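What follows is a single structure, written as structure tokens, with notes after it.
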Amino acid sequence: MAGQLTAARIRADVAEMLHRRPDESFDAEDLFDCGLDSVRLMTLIERWRDAGAEVSFVDLAERPTVEHWAKLLVGGDG
């Protein structure tokens, strides 16, 4: 699934993994508390690497929020 990585795409991908709607407000929630697990995180990492992101499991696991991931992967406010 190659393509431009945006904050909206990160949110949509995470929402898909958590069976939530992308328009829900969960940007600051700890995604592991929301049900994300290491297998799903690896799926997201591979998807985002296909889109050109250079990111590791540790990069994302240290601060598991959509808000942080968007800043890390997209820069600025996403």
Side-chain angles (χ1 to χ4, degrees):
M1 180 188 259
Q4 173 113 12
L5 194 57
T6 64
R9 178 169 168 194
I10 292 166
R11 173 188 278 228
D13 288 347
V14 171
E16 178 186 339
M17 290 292 148
L18 297 177
H19 305 289
R20 294 176 80 166
R21 293 186 334 262
D23 62 345
E24 285 184 58
S25 178
F26 59 92
D27 287 358
E29 292 181 39
D30 183 308
L31 297 172
F32 292 126
D33 290 344
C34 294
L36 190 72
D37 58 31
S38 60
V39 173
R40 290 182 179 139
L41 179 53
M42 286 304 303
T43 300
L44 290 170
I45 289 169
E46 289 306 314
R47 186 179 290 186
W48 296 337
R49 284 179 179 163
D50 288 346
E54 294 183 23
V55 66
S56 73
F57 183 91
V58 172
D59 291 336
L60 300 182
E62 284 181 336
R63 291 185 55 201
T65 65
V66 170
E67 183 177 72
H68 174 72
W69 293 357
K71 288 178 183 175
L72 181 70
L73 297 169
V74 180
D77 292 328

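Source: prediction; values computed, not measured.
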Worksheet item: Which residue pairs pass the ring pair (Phe, Tyr, Trp, His ring centres under 6.0 Å) test when at least one of the two sits in residues 21-53, sequence neighbours left out?
Response: W48-W69
List in chain and number order the residues that pass side-chain hydrogen bond (donor to acceptor under 3.5 Å, both in side chains) with [X], two or more places apart in sequence or in another chain; answer none if no residue qualifies.
X: S25; result: none
X: D23; result: R21
X: E46; result: R49
X: D59; result: S56

Item to complete: Write down the atom of L73, the atom of A53, and the distance for their closest heavy-atom approach.
Response: CD2-CB, 4.0 Å
Worksheet, complete the sentence: All heavy atoms of A7 vs all of V74, minimum pair found to be N-CG2, 3.8 Å
At what distance, to the nearest 0.5 angstrom, does [atom1] of [X] lie from [atom2] of [Y]?
X: L60; Y: L44; atom1: CG; atom2: CG; result: 8.0 Å
X: D33; Y: T65; atom1: CG; atom2: OG1; result: 11.5 Å
X: D13; Y: L5; atom1: CG; atom2: CG; result: 7.5 Å
X: E67; Y: L31; atom1: CD; atom2: CG; result: 11.0 Å
X: I45; Y: F57; atom1: CD1; atom2: CZ; result: 6.0 Å
X: R11; Y: T6; atom1: CZ; atom2: OG1; result: 11.0 Å

Worksheet item: Taking C-beta and beyond as the side chain, do R47 and E16 meet within less than 4.5 Å on heavy atoms?
Response: yes
Fill in: Over 12 foreign heavy atoms within 6.0 Å of CZ, R20
yes
Discussion item. Suppose the criterion is side chain to side chain donor-acceptor pair (under 3.5 Å): which pairs have a residue in residues 34-45, not counting sequence neighbours?
Written reply: none
